[in-house]
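As structure tokens, the structure follows; a few thoughts come after it.
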Amino acid sequence: MGDSSGSVSVDVEMIPWGGQEHVVQTSHGPISVFVCGDQEKPALVTYSDVALNYMSCFQGLFFFPEAASLFFHNFCIYHIDAPGHELGAAAISSDIAIPSVDDLAEQVAEVLDYFGLGGVICMGVTAGAYILTLFALKYRERVLGLILISPLCKAPSWTEWFYNKVMTNLMYFYGMCGIVKESLLQRYFSQEVRCNIQGLESDIVQACRRLLDERQSSNVTRFMQVISRRYDLTEGLKKLQCRTLIFVGENSPFHSEALHMCAKMDKKFNALVEVQACGSLVTEEQPHAMLIPIEYFLMGYGFYRPPPQLFCSYGSSPSPTSPLSPSCISAELLSPESLGLKLKPIKTRVAMDD
């Protein structure tokens, strides 16, 4: 780990993944990074959506056994939370200026510098996907691959801007009140999991609702204001040469934005996976639908999922220290025909014998 007199490390024993939280001081303020795994392995950097942190945004995917073996066998994972979104975060002082999207992208670069990381693979959800895409446009040599879930890439429409304005006003006067939580849950999840045929919320929605109760509404307001001031990245997307895998739920409010992003990128370097009967937060709602496309995507970098008997606990098995070179990837693996399919809902997944 790189030296920084302005950085501290905090053990977090309650996290079932293990790992350690680092509070990294950057030129745009402190930022929380939760590190899981062996730091000698290649790096996977994540960034969550508005009002979520790495636990509420990625636990469904990383707790899914087959996905866990794939990720923890091959990577050290660096979960970046938006300012003030980490577990137990205090309210950010109103005296501190609200950062821009460029400031948050620069924070990602400073986090990589702090840990001494070169090229990384990035995974972001919606607002977090925008920040990591912007980072990739600014630092192309440092991003070797992007996995984006229900991403944003355009400036907000008037409808979105007005919606966010109402939300921030509600949080200013009433905090994380019921209507704000309902609106955020609609942003994340499909109707099917928010209200099933019995008229009940699913477990993942109930868990997310409890986690939203812990958020500092003023911090959520700040991040929402940042994202409301984002600018259009469309012109730069053609220049993005890293391989990109985009997931979007069919019922996501950002479905059309993901299609726009895919259409504007070089088709040699991107693939789109639309997940049926799913909202924006595919990582929580249907993580099983992500496994096979991600396996194909990472196969091109020399990564693989170990047989179950070789992976007794997260991060316990050795793995090749891949240089993250995509040169060996088969074009067919990332073609729209092979990955740009609509996945039907999957209730269960049978473990495949390797």
Side-chain angles (χ1 to χ4, degrees), residues 1-4 6-26 30-49 52-90 107-125 128 131-132 145 147 149 207-208 210-211 214-215 281 283-284 287 290-291 294 298 303 305-306 310-322 324:
M1 184 180 72
D3 292 332
S4 175
S7 301
V8 297
S9 300
V10 183
D11 287 316
V12 181
E13 297 178 354
M14 62 175 286
I15 306 302
W17 294 339
Q20 190 174 61
E21 182 185 23
H22 300 260
V23 180
V24 180
Q25 298 294 338
T26 74
I31 192 166
S32 172
V33 185
F34 194 84
V35 182
C36 302
D38 180 359
Q39 290 183 241
E40 294 302 314
K41 293 182 179 182
L44 174 70
V45 174
T46 75
Y47 209 115
S48 306
D49 191 20
L52 300 177
N53 55 34
Y54 72 94
M55 279 294 290
S56 50
C57 201
F58 294 105
Q59 67 175 345
L61 178 62
F62 288 106
F63 281 7
F64 187 62
E66 292 171 294
S69 67
L70 175 66
F71 288 117
F72 287 96
H73 173 71
N74 291 293
F75 295 101
C76 181
I77 302 168
Y78 298 80
H79 293 290
I80 300 176
D81 287 329
H85 281 54
E86 66 273 14
L87 291 169
Q107 278 190 325
V108 176
E110 293 186 46
V111 166
L112 267 59
D113 291 341
Y114 172 70
F115 289 105
L117 303 176
V120 300
I121 289 180
C122 295
M123 178 187 293
V125 177
I131 299 300
L132 293 178
I147 302 173
I149 298 95
C208 187
R210 289 192 296 270
L211 288 165
E214 300 170 7
R215 297 279 75 79
L281 204 54
T283 51
E284 293 295 307
M290 300 180 68
L291 179 62
I294 289 177
L298 295 179
F303 299 125
R305 180 162 53 90
L310 296 182
F311 196 83
C312 300
S313 62
Y314 294 162
S316 64
S317 61
S319 70
T321 53
S322 167
L324 286 174

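Between Ile121 and Val45, the closest side-chain pair of non-hydrogen atoms is not below 4.5 Å. Using a 4.5 Å heavy-atom threshold, the side chains of Val35 and His22 count as touching. When side chains are defined from C-beta on, Ser48 does not count as touching Val125, because their heavy atoms never get closer than 4.5 Å. Between Ile31 and Val23, the closest side-chain pair of non-hydrogen atoms is not below 4.5 Å. Inter-residue side-chain proximity for Met123 and Phe58 is flagged as met; some heavy-atom pair is nearer than 4.5 Å.
When all heavy atoms of Thr46 and Leu132 are compared, the pair lying nearest together is C-CD1, 4.4 Å. Here the closest non-hydrogen pair linking Tyr47 and Pro83 is OH-CD, 4.0 Å. Closest approach of Gly37 and Cys76 over heavy atoms only: O-SG, 3.7 Å. Across every non-hydrogen atom of Arg215 and Leu87, the tightest pair is NH2-CA, 4.4 Å. The minimum heavy-atom distance linking Gln107 with Pro30 is given by the pair NE2-O, 4.1 Å.
Thr283 places a side-chain N or O within donor-acceptor distance of the main-chain N or O of Cys57, the cut-off being under 3.5 Å. Between the side chain of Lys41 and the backbone N or O of Phe72 there is at least one donor-acceptor pair closer than 3.5 Å. Judged by distance alone, the side chain of Asp113 and the main-chain N or O of Gly116 form no donor-acceptor pair under 3.5 Å.
Note that the CG atom of Leu291 and the CZ atom of Phe71 stand 8.0 Å from one another [nearest 0.5 Å]. In this structure, Glu66 CD and Met290 CE are separated by 14.0 Å, a value rounded to the nearest 0.5 Å. Rounding to the nearest 0.5 Å places CG of Asp38 at 12.0 Å from CG of Asn74. We find the CG-CD distance between Asp81 and Glu21 to be 7.5 Å, quoted to the nearest 0.5 Å. Remark: Glu86 CD to Ile80 CD1 distance equals 12.5 Å, nearest 0.5 Å. Here CD of Gln20 is found 8.0 Å from CZ of Phe34. Values are rounded to the nearest 0.5 Å.
For Glu284, the side-chain contact (heavy atoms from CB on, under 4.5 Å) test picks out Gln59, Phe189, Leu281, with sequence neighbours left out.
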*For side chain to side chain contact (heavy atoms under 4.5 Å, CB included), just list the numbers for Leu112 and Tyr78, CA-CA rounded to whole Å, side-chain angles, deciding distance to a tenth of an Å, and then say yes or no.*
CA-CA 9 Å; Leu112 267 59; Tyr78 298 80; over 6 Å; no
#### Entry: Check against side chain to side chain contact (heavy atoms under 4.5 Å, CB included), Ile131 and Val108
CA-CA 9 Å; Ile131 299 300; Val108 176; 4.3 Å; yes
Checklist entry - What's the verdict on side chain to side chain contact (heavy atoms under 4.5 Å, CB included) for Cys208 and Leu52, showing C-alpha distance, side-chain angles and the deciding distance? => result CA-CA 9 Å; Cys208 187; Leu52 300 177; 4.0 Å; yes
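Ring-plane geometry between Tyr54 and His79 is classed as parallel, the angle between the planes falling under 30 degrees on a 0 to 90 degree scale with a further cut at 60. Relative orientation of the Phe75 and Phe303 rings is tilted, given thresholds of 30° and 60° on the angle between their planes.
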